[in-house]
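Just so you know, these numbers come straight off a predicted model, no measurement behind them. Counting from 1, the numbers follow the sequence of the chain as shown. Both backbone and side-chain heavy atoms feed into the values below; hydrogens, waters and symmetry mates do not.
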Amino acid sequence: MPSLRKLTIGSTFGHYRSHDFYVSWSLPNLKYLGFKDFIPKPVFRQNLSYCHMKFTLGFQPETLKLFLQSLTSLETLEIEFVDIDDVADGDSDSEEDDDGNNDSVQEDLSSLVSSISYFSFSVVGETSVPFTRRVLRTIRLNVTEMLFTIIYPKCYCPDDYCYEIEGRRENLLKSMRHFPMLKKLHLRFPGPDADHGFGFDFGQILILVPQSLENLQIEARGHTSYIGGWDHTAVRLHTLQFRNCDRLDLDFIGAVRERFVFYNVVIGKVEVVHCRLIEEEDLRDSFPKSEVVWIP
């Protein structure tokens with residue numbers, strides 16, 4: 001089928017299927033491949049540039065790594081993990097697997113999948129976190145731009161449970177250490193409502209992201225914001241953007257500025273977009289040496 005440019009393959013009944021029908025096809029012009037709950041055989045080597053995959057079941061991460069390594073022309077990769085409750089023997093949501101300094105991670109760049117320039121990764125449901133971390137440790141991508149979305153369900157919950165979920169998210173963010181060439185990161189924490197009790201720790205984010213990062217965008221509707229245990233930073237951001245952070249307030253902005261001043265970091269550009277509690281004049285006063293973009 002030499003004219004085919006887009007192919008989407010699904011699965012049914014919640015089980016992986018053997019999708020071998022395409023193996024003998026000639027697909028020299030295929031540009032887009034989408035699939036759900038299975039990993040294709042590595043036969044799309046030539047011109048595939050865009051791949052979207054969605055998983056609701058666990059799998060062997062090494063299989064995905066081999067598939068990605070076969071896609072020598074891939075530019076954009078999108079992966080969704082939805083409510084996966086699959087923890088292999090010896091796997092857990094502990095901190096140990098992702099701890100260690102960034103230097104040790106950067107030494108082995110030869111093992112990274114290298115052609116992908118843009119990576120979009122979505123995690124839906126806190127049960128997906130342990131398996132997600134296992135996959136990210138395995139596939140390792142040499143990407144420079146990434147959209148990382150973490151979605152949890154509605155939560156009218158006791159504080160201790162919300163803290164537990166936030167702890168899992170923090171462990172998931174530690175997986176950023178496996179992207180040592182990352183330049184631009186967009187973190188999305190969509191809130192199902194304004195009262196779910198979640199927050200994001202900006203200081204912890206700066207500690208966990210790769211030192212190579214230059215552009216950070218945070219989108220966190222319905223989340224409170226705080227500095228947390230921000231005791232150092234090696235990141236020298238050029239652009240910082242807060243978008244749709246409807247509970248972001250001036251006290252937080254002021255605290256961020258104070259920490260950047262303390263660590264002698266000057267942000268080239270600060271953008272606040274659709275954050276209803278922040279006024280333009282206050283933002284410009286907080287970052288007098290930065291280019292400021294404010295959109296109500």
Side-chain angles (χ1 to χ4, degrees), residues 11 14 16 34-39 51-69 74 76-100 102 105 111-113 116 118-143 145-153 155 161-182 185-192 198 200-201 204-205 207-210 213 218-220 223:
S11 65
Y16 294 117
F35 54 88
K36 177 183 178 182
D37 279 339
F38 87 107
I39 299 175
C51 185
H52 177 92
M53 56 189 78
K54 180 176 182 178
F55 297 99
T56 62
L57 302 170
F59 56 87
Q60 289 299 321
E62 190 66 29
T63 306
L64 178 59
K65 180 179 180 178
L66 293 174
F67 171 72
L68 292 174
Q69 288 177 330
L74 189 64
T76 299
L77 173 64
E78 297 178 347
I79 302 179
E80 293 182 67
F81 282 168
V82 180
D83 294 326
I84 297 179
D85 189 5
D86 186 321
V87 180
D89 293 340
D91 198 20
S92 70
D93 197 29
S94 68
E95 301 180 6
E96 297 176 358
D97 296 320
D98 287 325
D99 277 346
N102 286 344
V105 174
S111 67
L112 303 180
V113 178
I116 301 166
Y118 180 76
F119 180 35
S120 174
F121 198 89
S122 298
V123 181
V124 179
E126 67 270 22
T127 60
S128 301
V129 171
F131 183 75
T132 300
R133 294 176 67 222
R134 180 178 164 218
V135 171
L136 292 178
R137 289 197 302 269
T138 301
I139 62 175
R140 307 199 57 207
L141 302 173
N142 187 13
V143 296
E145 184 174 353
M146 181 176 182
L147 167 61
F148 200 164
T149 304
I150 304 175
I151 303 175
Y152 291 152
C155 177
Y161 180 65
C162 288
Y163 291 148
E164 177 184 344
I165 292 179
E166 289 179 20
R168 283 197 165 196
R169 183 170 64 189
E170 177 183 322
N171 284 342
L172 185 55
L173 288 174
K174 289 181 178 179
S175 300
M176 295 296 95
R177 293 173 176 172
H178 300 302
F179 302 90
M181 306 303 292
L182 195 64
L185 174 62
H186 180 181
L187 292 174
R188 292 183 66 242
F189 309 133
F198 294 140
F200 71 88
D201 185 339
Q204 193 68 20
I205 290 172
I207 292 173
L208 296 177
V209 297
L213 196 69
I218 297 177
E219 186 173 353
H223 285 63

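Rounded to the nearest 0.5 Å, atoms OG1 (T132) and CG (L172) are 6.0 Å apart. Taken to the nearest 0.5 Å, the OG1 atom of T56 stands 7.0 Å off from the CD1 atom of I84. One distance of note links OG1 of T76 with CD of E145; it measures 9.0 Å at 0.5 Å rounding. Once rounded to the nearest 0.5 Å, the distance linking CD1 of I79 with SG of C51 reads 8.0 Å. Distance check: R137 CZ to H178 NE2 gives 6.5 Å after rounding to the nearest 0.5 Å. Separating the CG atom in L185 from the CZ atom in F148 is a distance of 8.5 Å, to the nearest 0.5 Å.
The two residues V123 and S128 have their closest heavy-atom pair at CG1-CB, 3.7 Å. Contact record, L208 with M176: O-CB, 3.9 Å, taken as the closest heavy-atom pair. Between D37 and L57, the closest heavy-atom pair is OD1-N, 3.4 Å. The minimum heavy-atom distance linking K65 with T138 is given by the pair CD-O, 3.2 Å. Scanning all heavy atoms of the two residues, the minimum distance from H223 to F189 falls at CE1-O, 2.9 Å. The shortest non-hydrogen separation linking I39 to L64 is CD1-N, 3.7 Å.
Using a 4.5 Å heavy-atom threshold, the side chains of V143 and L77 count as separate. You'll find the side chain of F81 stays beyond 4.5 Å of the side chain of V129, heavy atoms only. Side-chain atoms of F131 and F55, non-hydrogen and from C-beta on, never get closer than 4.5 Å to each other. Inter-residue side-chain proximity for L187 and F200 is flagged as unmet; no heavy-atom pair is nearer than 4.5 Å. The closest side-chain heavy-atom distance from N171 to R133 is below 4.5 Å.
Scored by the side chain to side chain contact (heavy atoms under 4.5 Å, CB included) test, T149 finds S122, L147, I151, R188, P190 as partners (sequence neighbours excluded). Taking F35 as the reference, F38, F67 meet the ring pair (Phe, Tyr, Trp, His ring centres under 6.0 Å) condition, with sequence neighbours excluded. Qualifying side-chain hydrogen bond (donor to acceptor under 3.5 Å, both in side chains) partners for E80, counting only residues two or more places apart in sequence or in other chains: H52.
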Apply side chain to side chain contact (heavy atoms under 4.5 Å, CB included) to L182 and V209, showing your working.
CA-CA 9 Å; L182 195 64; V209 297; over 6 Å; no
